[in-house]
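This report refers to the structure that appears directly beneath it.
Residue indices begin at 1 and follow the sequence shown. Predicted, not measured: the structure shown is a model, and the values here were computed from it.
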Amino acid sequence: MAQQNDILIRNVRLASMQDNGKPYGLIENASVAISGSKIVGIFGENDTLPEGYDVIDGQGQCLLPGFIDCHTHLVYGGDRATEFEQRLLGQSYADIAKQGGGIRSTVSATRAASTQELLQSALSRARRLAAEGVTTIEVKSGYGLDFDTEIRMLQVAKQLEQHLDVDIMTTYLGAHAVPVEYAQRADDYIQYVCETVMPEIARLGLADAVDVFCESIGFSLEQCTKVFNAAALHGLRVKAHVEQLSDQKGAKLAAQFNALSVDHIEYMAAEDVACLKQSGTVAVMLPGAFYFLNESQLPPIAALRQHGVPMAVATDLNPGSSPLSSILTAMNMACVLFKLTPEEAIRGTTIHAARALGLAECKGKIAVGFDADLCLWNINHPVELVYGINQHRPLKKWYKGRLSTL
Ligand SMILES: [Zn+2]
């Protein structure tokens, strides 16, 4: 029996992302029943439709799950536009770093920003994602690196939910860089991350996961192992930035800790990919950073396909290497630069992105029992969303069953 305000969206081409043997999990002439925040029924053209619902005519348009941006750093102070210009005027990264540029400048600006300033700038970025049909965003800390600012960043991220129709998943990325006060003392900093900051973040329930930057210019396998062990101690799942610039075997380490995802992985060796399948870890493609840094090493896509490792796609929205507030552009880039198929790109921002955040049982798919996060698009086929660059916005969006203002 339908409750008041329960709705039935009828006459849609449903790109359900279910594994029903059809590309995109397509169901033609479909109807979707929503009660409260959940999808409660899916009907084909020959099914009898339930009564008592407010009916919305989809007019044959495509209905997709709300997109999930499963990797962003969208809370930060300042920007790096000047640095971008300096580099194009011929300055080296080392020179810029010497002048206080690079990640250090973002850390200083983030520490100096008020909570209100951080919230306002994060809101403007998150709003752009939401306007493209994103209904879940992961946000990492990692530009504070000290106790107060890391906690403030995560609190600001959570506050976005009060201003926008999005779910926010937060990730503690203390092991992003060594802060200036720990210069030449990376091991001491890791101890601080594990023994001082992480326990408080866990106690306050401010993070859903813990992340590391495993790289020659980031943290070593040994240091990442300490962070992962501490995360396990606090009951937090792990994720990892790995193999972005070199093959450190960070993905293999993360898989040993049953990581939710390994992200970037351009330099991951094809022979190491099988371990991701065994651990159920998602491979997150971040073509925005690949593009912005003008990289050329491609991730091991063929091996990921061969082993059936789920691939997600995300913006990596951050001021230094991926100033990209567009999930649709990230999907287009994943196809053009990494040669994903359009279906892989869309699964990468729906069902596989949900898995990368530990949300595989409730988001990323149009199926009974899943959250009613849905977008109706004025297109004939889902591929159009990936093909066009800045050409599409949803006609209608539902967030947890409620019609959302766009
Ligand atoms: Zn990142």
Tell me whether [X] contacts the main-chain N or O of [Y] through its side chain, where contact means a donor paired with an acceptor under 3.5 Å.
X: Thr196; Y: Val193; value: no
X: Glu295; Y: Ala289; value: no
X: Gln61; Y: Leu376; value: no
X: Ser16; Y: Gly25; value: yes
X: Asp371; Y: Asp373; value: no
X: Ser322; Y: Asn318; value: no
X: His381; Y: Val383; value: yes
X: Tyr189; Y: Leu145; value: yes
X: Asn229; Y: Lys226; value: no
X: Lys396; Y: Leu403; value: no

If every non-hydrogen atom of [X] is compared with every non-hydrogen atom of [Y], which pair is closest and at what distance?
X: Gly364; Y: Met17; result: O-CB, 3.8 Å
X: Ala356; Y: Leu260; result: O-CB, 3.4 Å
X: Leu276; Y: Ala255; result: CD2-CB, 4.3 Å
X: Val166; Y: Tyr399; result: O-OH, 3.3 Å
X: Ala353; Y: Ile68; result: CB-O, 3.5 Å
X: Ile366; Y: Ala15; result: CD1-O, 4.1 Å

Flag yes if more than 12 heavy atoms outside [X] fall under 6.0 Å of its [atom1] atom; otherwise flag no.
X: Glu85; atom1: CD; result: no
X: Ile389; atom1: CD1; result: no
X: Arg152; atom1: CZ; result: yes
X: Tyr387; atom1: OH; result: no
X: Glu222; atom1: CD; result: no
X: Tyr291; atom1: OH; result: no
X: Gln297; atom1: CD; result: yes
X: Tyr182; atom1: OH; result: yes

Checklist entry - With under 30° as parallel and over 60° as perpendicular, where do the rings of Phe290 and Phe338 fit, or are they tilted in between? => result perpendicular
Checklist entry - What orientation do Trp377 and His392 show, parallel under 30°, tilted 30 to 60°, or perpendicular over 60°? => result perpendicular
Next on the checklist: With a 4.5 Å cut-off on side-chain heavy atoms, are Gln244 and Leu293 touching?
Outcome noted: yes
Item to check | Cys335 and Asn332, any side-chain heavy atoms less than 4.5 Å apart | outcome: no
Using a strict 4.0 Å threshold on nitrogen-to-oxygen distance, state whether [X] and [Y] make a salt bridge.
X: Asp208; Y: Lys239; answer: no
X: Asp247; Y: Lys249; answer: yes
X: Lys397; Y: Asp165; answer: no
X: Arg347; Y: Glu344; answer: no

Item to check | Chi angles and distances behind the side-chain contact (heavy atoms from CB on, under 4.5 Å) call for Thr170, Leu206 | outcome: CA-CA 7 Å; Thr170 48; Leu206 280 174; 5.6 Å; no
Next on the checklist: Apply side-chain contact (heavy atoms from CB on, under 4.5 Å) to residues Lys365 and Thr350 and explain how you reach the verdict.
Outcome noted: CA-CA 7 Å; Lys365 185 159 83 167; Thr350 54; over 6 Å; no
Next on the checklist: Set out, in order, the CA-CA distance, both residues' side-chain angles and the distance that settles side-chain contact (heavy atoms from CB on, under 4.5 Å) for Leu74 and Asp69, then state yes or no.
Outcome noted: CA-CA 11 Å; Leu74 65 72; Asp69 193 346; over 6 Å; no
Would you say the side-chain atoms of [X] and [Y] include a donor-acceptor pair closer than 3.5 Å?
X: His241; Y: His71; value: yes
X: Gln223; Y: Asp187; value: yes
X: Tyr192; Y: Asp146; value: no
X: Arg111; Y: Thr149; value: no

Checklist entry - Regarding Arg125 and the six-membered ring of Tyr76, is the cationic atom NZ or CZ under 6.0 Å from the ring centre and inside 45° of its axis? => result yes
Item to check | Test log, rule side chain to side chain donor-acceptor pair (under 3.5 Å), inputs Ser246 and Glu215 | outcome: CA-CA 7 Å; Ser246 61; Glu215 190 53 71; 2.4 Å; yes
Next on the checklist: Under the criterion side-chain contact (heavy atoms from CB on, under 4.5 Å), I'd like the reasoning laid out for Ile34 against Tyr53: C-alpha separation, chi angles, the key distance, then a yes or no.
Outcome noted: CA-CA 9 Å; Ile34 299 169; Tyr53 286 79; over 6 Å; no
